[in-house]
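If you read the sequence from its start, that first residue is 1, and numbering goes on from there.
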Amino acid sequence: MINIDVAVAVIHYGDQYLLGFRKPEQHQGNRYEFVGGKIEDNETAEQALIREVLEEIGLDISARCLINPLGILRHHYANIETPHKSKRVCLHIFRVELTEQHYLECRDQQQGCEGQQLQWVSLEDLVANKYRLPEANKTILQWLKLPDLISITQDVDSDLELKTEAKSRAAADNGIDMNTNVDTNTTDDSRRQQWLHWYQQKLPLQACVYLRLKNSDLPQREQLLSSLLANRPDIMLIIDCQLANYLYSKNILPPQVIAQHLTQKVIDETYQEANLTDVCNNLLAGLPLTVSSHNQETVLKVNQLAQYRLKHDLSPVIGVFVSPVQQTATHPEAVPLGWEGFQRIASVSEVPVIALGGMSSEDLQQVRHHQGDKVAGIRNFLT
């Protein structure tokens, strides 16, 4: 068995991504690939990344370019005829965001330093599998499908914006001054209608939304989801794994659902009672997975879960929500991690890390400076 550690650079400028093309005589030849190469014994994965990019395309990304880890993938290429030549490849995947200057420097470059073809492609075409990549790269495309910004809904019985909105609407409808006390006690049905109206209006166009409805039963969650999509078919949804299984069993899982979600509480409790086989048996095999975490211990469990799903050809874990980074109004009692604490947790993750808690879209660069990749939030991610 041959063990190979490889550094892979997912190089992009905006939604344009750089691919090379493997020569026919190479392993996995006649396929597109991300720039990268073997990690030498005397270097870290990031050092190897910088060296390989310079050697392959002549671009120095050591300064000014933003480099952050996406994750780690392990893939076994079996050689049945000569088993000792089988390869176990460990890919260390990094996002490399170019500056405008770097992009202009290599935008029209059609060949790499080793004679390989280079091509810039759109993210839309890339994740639509219009460019044939090595088998081990398929998970990277799933990671990239998950948008950089993720909105999270409040539950139907939330005491925050939903009641404020209800009060505002009631006051406006009745000509009452907002400083006057307005009775916003409503029936369950009224609260659900308020929730729907709020998110139908407030979610950004084509938003990716984690639909958090833990205090509603499954039929109620189904109704809220279908009612929301009836008015907002443009959005993408992450839903809890119980609801995903429920909808799948009824053959009504909407195409807008791009992932199922597992909370830290569920993953911690399940790990104590069962093995990874049992955990995965309770999840849909074909739907990507996101997980919540507040500490390194849970992230290490997420890594094991991610490895297991890849090994057994199940859809991958595409993100771990790490929170709270900053103080939040929704969980004022929770002690924030701060950027150093967030980075400590992110540093052990083998899947893309999503920062949550007091975040806004403006924090994306800061998140990537601290080894995360995406941001999520509740109040700051609405229009």
**OP:** List the atom of Glu222, the atom of Ile252, and the distance in Å for their closest heavy-atom pair.
**Re:** OE2-CD1, 3.3 Å
Subject >> Chi angles and distances behind the side-chain contact (heavy atoms from CB on, under 4.5 Å) call for Cys106, Leu98 >> reply: CA-CA 10 Å; Cys106 64; Leu98 299 185; 4.1 Å; yes
**OP:** Please report the closest heavy-atom contact between Arg221 and Ser216, naming both atoms and the distance.
**Re:** NE-O, 2.7 Å
**OP:** Return the set of residues passing ring pair (Phe, Tyr, Trp, His ring centres under 6.0 Å) with His102 (not counting sequence neighbours), or none when no residue passes.
**Re:** none
Original post:
Do the side chains of Ile39 and Val10 join up, straight or via other hydrophobic residues, at under 4.5 Å, putting them in one cluster?
Top reply: no
**OP:** Begin from the C-alpha positions of His261 and Cys241 and carry the test side-chain contact (heavy atoms from CB on, under 4.5 Å) through to its verdict.
**Re:** CA-CA 5 Å; His261 186 76; Cys241 54; over 6 Å; no
Original post:
Any side-chain heavy-atom pair from Ile57 and Leu18 closer than 4.5 angstrom?
Top reply: yes
Original post:
Do the two ring centres, one from Trp120 and one from Tyr103, sit under 6.0 Å apart?
Top reply: yes
Original post:
So Tyr32 and Tyr131, would you call those rings parallel, tilted or perpendicular, with 30° and 60° as cut-offs?
Top reply: perpendicular
Original post:
Between the side chains of Ser227 and Gln223, is a donor N or O closer than 3.5 angstrom to an acceptor N or O?
Top reply: yes
**OP:** Say whether Ser360 and Glu362, considering side chains only, have a donor N or O and an acceptor N or O under 3.5 Å apart.
**Re:** yes
**OP:** Compare every heavy atom of Gln117 with every heavy atom of Gln119, then report the nearest pair and how far apart it is.
**Re:** OE1-NE2, 3.4 Å
Subject >> Pair Glu350, Gln307: side-chain N/O donor-acceptor within cut-off below 3.5 Å >> reply: yes
**OP:** Among Asn137, Leu118, Leu133, find the one that has a side chain to side chain contact (heavy atoms under 4.5 Å, CB included) with Leu19.
**Re:** Leu133
Show me the side-chain donor-acceptor pairs of residues 141-148 shorter than 3.5 Å, one per line, residues at least two apart or across chains.
| unit_1 | atom_1 | unit_2 | atom_2 | d |
| --- | --- | --- | --- | --- |
| Trp143 | NE1 | Val317 | O | 3.2 |
| Asp148 | OD1 | Arg368 | NH2 | 2.9 |
| Asp148 | OD2 | Arg368 | NH2 | 3.4 |

Original post:
Does the distance from a Lys or Arg side-chain N to an Asp or Glu carboxylate O, for Asp240 and Arg212, drop under 4.0 Å?
Top reply: no
Subject >> Carboxylate-amine/guanidinium proximity below 4.0 Å for Lys38 and Glu52 >> reply: no
**OP:** Would you kindly say whether His92 and Asp5 are connected by a side-chain donor-acceptor distance under 3.5 Å?
**Re:** yes
Original post:
Going by atom types only, do Asp268 and Thr298 share a side-chain donor-acceptor pair under 3.5 Å?
Top reply: yes
Original post:
Once the angle between the rings of His12 and Tyr17 is folded into 0 to 90°, is it parallel (under 30°), tilted (30 to 60°) or perpendicular (over 60°)?
Top reply: parallel
**OP:** Report the C-alpha distance between Asp155 and Lys214 in whole Å, list the side-chain angles of each, state the deciding distance to 0.1 Å, and finish with yes or no for salt bridge (charged side-chain N to carboxylate O under 4.0 Å, His left out).
**Re:** CA-CA 7 Å; Asp155 218 326; Lys214 61 182 179 180; over 6 Å; no
**OP:** Determine whether the side chains of Tyr308 and Thr277 contain a donor N or O and an acceptor N or O closer than 3.5 Å.
**Re:** yes
Original post:
So does Asp313 have more than 12 non-hydrogen atoms from other groups sitting under 6.0 Å from CG?
Top reply: no
Original post:
Do Leu149 and Cys208 come within less than 4.5 Å of each other through their side chains, counting heavy atoms only?
Top reply: no
